[in-house]
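Since the structure comes first, as structure tokens, the remarks are kept for the end.
This structure is a prediction, so every number in the text was calculated from the model and none was measured. Proteins get letters first, then strands, A, B, ... in listed order; numbering begins at 1 in each.
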Amino acid sequence: MPGFWLFKSEPDVFSIHDLAASKGKKTTWEGVRNYQARNMIRDDIQRGDGVLFYHSNTDPMSIAGIAEVVKSGYPDHFAQQPGHKYFDEKATPENPIWYMVDIKLVRIFEQPVTRGMLAAHPVASQMMVLKKGSRLSIQPVTAAEWQAVQELASA
DNA sequence: GCCAACGTTGGC
DNA sequence: GCCAACGTTGGC
């Protein structure tokens, strides 16, 4: 049984359309600098898991489509590149501190699932992303929530 | 643009 | 180890 996750991205920085335009429709997911999210990347997120691709800080905010994890957690080598925007002087090959995964586009929703649509659904309204002050950029999603989002996207 | 929520930093 | 100050996130 695969796991399910929600990944946040600001579309001005990297949108699902940028993912679609990427080579092989794949991308690395580097730059996560929060320990709770790091732990999920390093320990829990597995190849084959489903990813809800969420567009934050835009209008309207929505789940824009689905991706799939194609490579589980491995060291975020950008943390070890001086001058890189994700450089962290404490990261070393022995202790990389930060981790990343690779994801691949599965599909872009014809109709994005907005926060309003999520909030109006009995199951989807319980999602972490709707909770006030929920700043985690990577969040676990239950199988029921995943199913609810699929239904909303095809309704 | 505002501001509440939250994580991190650093002085003590 | 506490906690105030600070910077960032992200919804509105």
Using a strict threshold of under 4.0 Å (side-chain N to carboxylate O), is an ion pair present between A/Asp76 and A/Arg33? yes
For atom CD of A/Gln36, is the number of surrounding heavy atoms from other residues, nucleotides or ligands below 6.0 Å larger than 12? no
For A/Trp98, what residues pass the side chain to side chain donor-acceptor pair (under 3.5 Å) criterion, not counting sequence neighbours? A/Asp88
Mind checking which nucleotides bracket the chain A contacts on DNA chain B, 5' to 3', with an atom under 4.0 Å from a heavy atom? B/dA4 to B/dT8
Is there a side-chain contact between A/Ser9 and A/Phe53 (heavy atoms, below 4.5 Å)? yes
For a 4.5 angstrom cut-off between non-hydrogen side-chain atoms, does A/Lys8 reach A/Val129? yes
Quick one: list whatever passes side chain to side chain donor-acceptor pair (under 3.5 Å) with A/Ser22, sequence neighbours left out. none
Where along residues 120-135 of chain A does a heavy atom come under 4.0 Å from DNA chain B, residue by residue in number order? A/Lys132, A/Gly133, A/Arg135
Look at the side chain of A/Arg115 and the backbone N and O of A/Ser62, then say whether any donor-acceptor pair between them is shorter than 3.5 Å. no
Members sharing A/Tyr74's hydrophobic cluster (side chains within less than 4.5 Å): A/Phe78, A/Tyr86, A/Met100
Under 3.5 Å, is there a donor on one side chain and an acceptor on the other for A/Arg42 and A/Tyr35? no
Assess the side chains of A/Gln139 and A/Ser134: does a donor N or O sit below 3.5 Å from an acceptor N or O? yes
May I ask you to list the residues of residues 73-91 of chain A, by number, that have any heavy atom positioned under 4.0 Å from an atom of DNA chain B? none
